[in-house]
Amino acid sequence: MRHVVVVGAGPAGLAAARAAADGGARVTLLDSADGLGGQYWRHMPAERPAEREHLLHHRWTTFGELRDALAAHPAVTVVPSAQVWSLERLEYGARLNVLVGEPDGVGREALVLEPDALVLATGAHDRTLPFPGWQLPGVYSAGAAQALAKGERVAVGRRVVVAGAGPFLLPVASSLLQTGASVLGVHEAAGLGALGRGWLSRPWELAGAAGKAGELAGYVRDLVRHRVPWRPGEAVIAAHGDGQVEAVTIARLDERWARVPGTERQVEADAVCVSHGFTPRLELAIAAGCALSASRFVVVDAAQATSVAGVWAAGEITGIGGADAALAEGAVAGTAAAGGDTGAGPALVAGRARTRARGFAARIEAAHGIRGGWVGWLRDDTAVCRCEETTYGRIREVAELTGSRETRSVKLTSRAGLGPCQARMCGRTLQELLGGPEPSLGTALAPAVDRRPLVVPVRLGDLAALPQRPQQSPNPQENPT
Ligand SMILES: Cc1cc2nc3c(=O)[nH]c(=O)nc-3n(C[C@H](O)[C@H](O)[C@H](O)COP(=O)(O)OP(=O)(O)OC[C@H]3O[C@@H](n4cnc5c(N)ncnc54)[C@H](O)[C@@H]3O)c2cc1C
């Protein structure tokens, strides 16, 4: 029986695991989180479950169906709290090194898997552009604020400003309101012109996104009920406070996201949540050798196959398209990984849903994609890398002194991106400052910053205790003798 390993149990991974199992494969589904659902269906901890969880999520029925189908399927093994910490390339496919147990815990169980087929569905994390004061306590990535609100029912502040770009700002504001926070405003960097061009062109194509319209209506209802203003063409360009956010400066932006002089105003707040889109989690795909596009997503064909034989990819690592796209891509990838025909049956239906959902993704990029004028919000003393406290002035200085626009050499000289988060927060920003699509310091496209052979830090003891022989299943009785 073909063994398919799926990494990531968000919408894409759940759909892939189910399709692969339905296609006759033995499936192992791994996720570093202690529950299923990924970012979209993030839950309260098992010891403090929400009483009416279905009210907190969209498409909860879909989640329930996937979870129950996987639990009932005899050929599926679900392994939560399973961190894939590295991937080694093999002639065909890959070997996965996995640690199972409490994150950072001692004595986690080590698994080494060499599946016949691998589906990567590792998702994305949210991206935040820097601005003066963004390292103050009280500034949160919108994703972190939402994780606290959804996963712990904790509000990050009493008076909160939400800012950035993209539809994601709306569920964040909604989650904050549900925890009792007062949301002072949602400030969307994209102006009405870009929003109109992105969302209103070819309106007939949106007919297939009726579910999204319902979701949007729910968020708008929340904002209206709580009298939260939504302001397009505005950004938080600075945060102020003595050891903690006390106020933010909000300014109007032009089409390129450059501040319009004279429009700045200060608003008192004790927290600000910022998000400017998403960055795919590419570590495993890069380790596997998968080809990436110029915009740095995993390149896949119509069957979600990557450029590497035996490896498929689905969800946000192939493009930011939302949960519907992730579900559809997962179903196609799982079918293909199990050796099935993606041109017939449920995979064909999923493929059509994928086409509609990808159109939605293109609109998000057209309307809310980052424009280069944001660099003008920076001052020389603005931290770009928060871990190493490397400032914008220092990065410019190093680039000028060394004459280099190479991310690697600027990283090594300035230490930007070398701290604990390993450039997850600042890597893309650094790349763009050194010569991205709208370069400010250089012209060449800077090389990748997403290569991290160790996906997460690993204890030496765990390395020493690694099993010598590959295991084909996390379930011991299924291992070959
Ligand atoms: C912080 C955040 C909040 C979001 N909130 C919303 C929202 O409120 N509403 C909305 O419509 N959309 C939201 N989105 C977007 C939405 O979550 C995505 O469209 C959807 O979840 C994508 O599904 P996915 O399966 O591709 O990835 P995800 O749902 O992100 O799932 C990826 C999974 O892979 C796992 N994983 C990654 N690397 C490893 C590894 N090395 N080892 C083991 N497991 C691994 C992760 O733990 C995660 O569970 C959010 C996205 C983010 C990043």
Side-chain angles (χ1 to χ4, degrees), residues 39 124-150 155-177 179 181-191 219 223 228-241 244-253 257-259 264-279 320 364 367-379 382-387 392 421 424-430 432-433:
Q39 299 286 1
H125 56 82
D126 58 338
R127 181 170 172 199
T128 303
L129 294 174
F131 51 85
W134 76 308
Q135 73 279 30
L136 276 173
V139 179
Y140 293 84
S141 77
Q146 201 203 29
L148 279 169
K150 264 182 160 180
V156 292
R158 282 192 312 270
R159 292 168 54 78
V160 189
V161 170
V162 176
F168 178 47
L169 301 182
L170 301 175
V172 172
S174 187
S175 300
L176 285 164
L177 290 168
T179 56
S182 166
V183 178
L184 305 179
V186 177
H187 304 272
E188 163 66 60
Y219 300 137
L223 295 193
V228 179
W230 174 80
R231 297 191 187 282
E234 287 194 352
V236 166
I237 58 162
H240 319 274
Q244 157 72 35
V245 171
E246 292 164 10
V248 293
T249 298
I250 295 168
R252 280 225 323 270
L253 303 181
W257 291 19
R259 93 173 80 173
E264 296 88 350
R265 65 184 191 280
Q266 278 210 6
V267 173
E268 284 183 18
D270 55 14
V272 51
C273 304
V274 225
S275 164
H276 300 94
F278 297 97
T279 307
I320 304 302
I364 294 179
H368 307 274
I370 292 174
R371 313 291 198 267
W374 68 270
V375 177
W377 313 345
L378 305 180
R379 298 191 312 236
T382 305
V384 170
C385 170
R386 304 208 296 189
C387 301
Y392 177 49
C421 91
R424 284 182 175 85
M425 285 295 282
C426 69
R428 294 297 169 102
T429 295
L430 192 61
E432 284 173 20
L433 288 175

Assess whether side-chain contact (heavy atoms from CB on, under 4.5 Å) is satisfied between Val139 and Phe131, documenting all intermediate values.
-> CA-CA 11 Å; Val139 179; Phe131 51 85; 4.1 Å; yes
Given side chains that start at C-beta, do those of [X] and [Y] come closer than 4.5 Å, heavy atoms only?
X: Val186; Y: Pro229; value: no
X: Gln266; Y: His240; value: yes
X: Tyr392; Y: Arg379; value: no
X: Glu234; Y: Arg265; value: yes
X: Val160; Y: Cys273; value: yes
X: Pro130; Y: Leu378; value: yes

Cut-off 3.5 Å, side chains only: do Arg127 and Thr429 have a donor facing an acceptor?
-> yes
Considering all heavy atoms, the nearest [X]-[Y] contact:
X: Ala163; Y: Val236; value: CB-CG2, 3.6 Å
X: Ala190; Y: Ala367; value: CB-O, 3.1 Å
X: Ile237; Y: Pro132; value: O-CD, 3.1 Å
X: Leu169; Y: Gly164; value: CD1-C, 3.6 Å
X: Ser275; Y: Phe168; value: OG-CD2, 3.5 Å
X: Ala271; Y: Val156; value: CB-O, 3.8 Å

Is a side-chain N or O of [X] found less than 3.5 angstrom from the main chain of [Y], in a donor-acceptor match?
X: His368; Y: Gly166; answer: yes
X: Glu264; Y: Thr249; answer: no
X: Asp126; Y: Gly143; answer: yes
X: His276; Y: Leu129; answer: yes
X: Arg371; Y: Gly369; answer: yes
X: Arg386; Y: Trp134; answer: yes
X: Ser175; Y: Pro171; answer: yes
X: Arg158; Y: Ser182; answer: no
X: Gln244; Y: Asp270; answer: yes

To the nearest 0.5 Å, what is the distance between [atom1] on [X] and [atom2] on [Y]?
X: His187; Y: Arg252; atom1: NE2; atom2: CZ; answer: 13.5 Å
X: Gln146; Y: Ser141; atom1: CD; atom2: OG; answer: 10.0 Å
X: Tyr140; Y: Thr128; atom1: OH; atom2: OG1; answer: 13.5 Å

Residues His125, Arg424; criterion side-chain contact (heavy atoms from CB on, under 4.5 Å); working and verdict | CA-CA 9 Å; His125 56 82; Arg424 284 182 175 85; 4.0 Å; yes
Before giving the answer on side-chain contact (heavy atoms from CB on, under 4.5 Å), spell out for Leu433 and Val375 the whole-Å C-alpha distance, their side-chain angles and the decisive distance to 0.1 Å.
-> CA-CA 8 Å; Leu433 288 175; Val375 177; 4.0 Å; yes
Please test Leu253 against Trp374 for side-chain contact (heavy atoms from CB on, under 4.5 Å), starting from the C-alpha separation and ending with a verdict.
-> CA-CA 9 Å; Leu253 303 181; Trp374 68 270; over 6 Å; no
